[in-house]
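Order of the sequence lines sets the chain letters (A, B, ...), proteins ahead of strands, with each chain counted from 1.
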Amino acid sequence: MGTDIGDLLQKRKVEFSDLANRVIAIDAFNTLHQFLSIIRQRDGSPLVDSGGRVTSHLSGLLYRTASLFEAGIKPLFVFDGKPPDLKSDTLNRRNEIRESAREKWVNSQAEGDLESAFKYAQASSKVNREIVEDSKYLLEIMGIPFVQAPSEGEAQAAHMVLKKDANCVASQDYDSFLFGAPIVIRNLAVTGKRKLPGKNVYVDVEPEIIELDETLNALGIDREQLIDIAICVGTDYNKGLEKVGPKTALKLIKKHGNIHAVLREKGIEIEAVDKIREFFIHPEVTDDYEIKWGKPDSEKLIEFLCDNHDFSVDRVEKAAERLKAASGARQKTLDQWF
DNA sequence: CGCGGGTA
DNA sequence: TACCCGCGG
């Protein structure tokens with residue numbers, strides 16, 4: 001997913017408390033995908049209501065967002081719009097991988113291989129239209145704002161940080177840097193436990209902050225060169241050069257200056273390379289959004305989560321109380337400023 | 001993932 | 001009080 005330039009970036013650990021009063025533009029697709037793949041039973045099946053509808057994303061969204069809000073963080077979610085045509089190969093490939101994972105999940109289950117079953121169950125997660133609509137409605141009745149991007153959510157989130165409508169982007173992917181996001185936060189979660197891919201082992205993962213300028217200075221390159229490095233390694237819009245990882249790509253771009261010189265030197269071509277660069281530099285974004293944090297609607301939360309989706313009334317009431325208390329506290333700090 | 005009841 | 005671990009939906 002995205003581009004594999006993580007090794008080149010300057011990462012700093014950050015405390016949850018350091019993020020108080022920060023507006024964080026959260027990549028909704030990235031977050032929902034993670035909830036869907038991780039919030040599962042030990043046999044790999046997701047949380048579902050009595051009608052068989054998946055609810056893992058609702059659980060993750062409710063409790064994590066309540067915690068972020070309670071910590072004084074001002075979260076807003078940015079949803080993907082129509083993917084660019086450049087992305088169709090990647091999306092088709094993801095579909096195939098997902099379909100084959102779904103088959104392997106069934107097979108592993110039949111063979112009683114629980115570890116594989118869980119792994120393939122995770123890989124078969126899909127953020128579909130219903131998941132997105134459910135999530136938007138939940139955010140609405142929680143009093144948490146969201147923005148609909150015209151195209152890539154990470155591009156929209158980066159745009160909002162550049163406009164100073166948000167302080168940083170939160171995503172596990174690095175694409176928002178290519179779209180110009182000055183600051184990105186990774187591992188924005190309450191408990192820092194994360195499962196190692198493939199293994200049944202959990203490690204502590206703390207939130208970390210990456211600043212674009214700091215990284216560019218350290219590497220001695222500019223943003224367009226970082227984009228060129230990503231194109232060498234591979235992005236959602238192109239395949240990348242054979243046997244070129246982030247370190248090699250950095251060397252190549254520093255030596256030759258830009259992607260065109262590298263391709264000329266190697267005597268190879270990348271389809272639509274100029275279009276890809278242009279998409280990262282000037283992505284389709286919108287200024288048509290409103291960001292406002294409100295009070296949660298406890299009645300609608302109970303109706304939606306408990307009546308419709310079988311959540312525990314106790315737990316939902318508690319989460320609603322946390323949101324309410326935090327929105328009250330929020331108002332006080334705002335009053336102090338004005 | 002995050003919750004919360006159980007445990008030392 | 002801090003951590004563990006099974007469950008939630």
Under 3.5 Å, which N/O atoms of the protein pair with N/O atoms of nucleotides 4-6 of chain B?
none

Could you check how far CG of D310(A) sits from C1' of dG8(C), rounded to whole Å? 11 Å

Positive for side-chain hydrogen bond (donor to acceptor under 3.5 Å, both in side chains) with S125(A), one of Q34(A), R40(A), R98(A): R40(A)

Under 3.5 Å, is there a donor-acceptor pair linking the side chains of N30(A) and E154(A)? no

Flag yes if more than 12 heavy atoms outside K275(A) fall under 6.0 Å of its NZ atom; otherwise flag no. no

For the residue pair F311(A) and Y63(A), does the interplanar ring angle fall in the parallel (under 30°), tilted (30 to 60°) or perpendicular (over 60°) class? tilted

Could you tell me how far apart L61(A) (CG) and dC3(B) (P) are, to the nearest whole angstrom? 13 Å

With heavy atoms under 4.0 Å as the rule, sort S312(A) into base, sugar-phosphate or nothing. sugar-phosphate

Which residue is it: V14(A), V23(A), I24(A)? I am looking for the one with a side chain to side chain contact (heavy atoms under 4.5 Å, CB included) to C168(A). I24(A)

Nearest-Å distance, CZ (R40(A)) to C1' (dG6(C))? 18 Å

Please check if atom CD in E278(A) has more than 12 non-hydrogen atoms from other residues, nucleotides or ligands closer than 6.0 Å. yes

K13(A), NZ atom: more than 12 neighbouring heavy atoms under 6.0 Å: yes

Over how many whole Å does the gap from R42(A) atom CZ to dG9(C) atom P extend? 16 Å

Rounded to the nearest angstrom, tell me the gap between atom CZ in R64(A) and atom P in dG2(B). 4 Å

Within residues 129-146 of chain A, which residues have any heavy atom lying less than 4.0 Å from an atom of DNA chain C? none

Rounded to whole angstrom units, what separation is found between the CG atom of L58(A) and the P atom of dG9(C)? 11 Å

Could you check whether S59(A) gets within reach of a base, just the sugar-phosphate, or nothing at all, counting any heavy atom under 4.0 Å? base

Nearest-Å distance, CG (D307(A)) to P (dG9(C))? 13 Å

Taking salt bridge (Lys or Arg N to Asp or Glu O under 4.0 Å) as the definition, give me every residue that meets it alongside R186(A), ordered by chain and number, with sequence neighbours left out. E208(A)

Whole angstroms only, please: what is the NE2-P distance between H309(A) and dG9(C)? 12 Å

Is it the case that K136(A) places NZ or CZ above or below the six-membered ring of F79(A), under 6.0 angstrom from the centre and within 45 degrees of the axis? yes

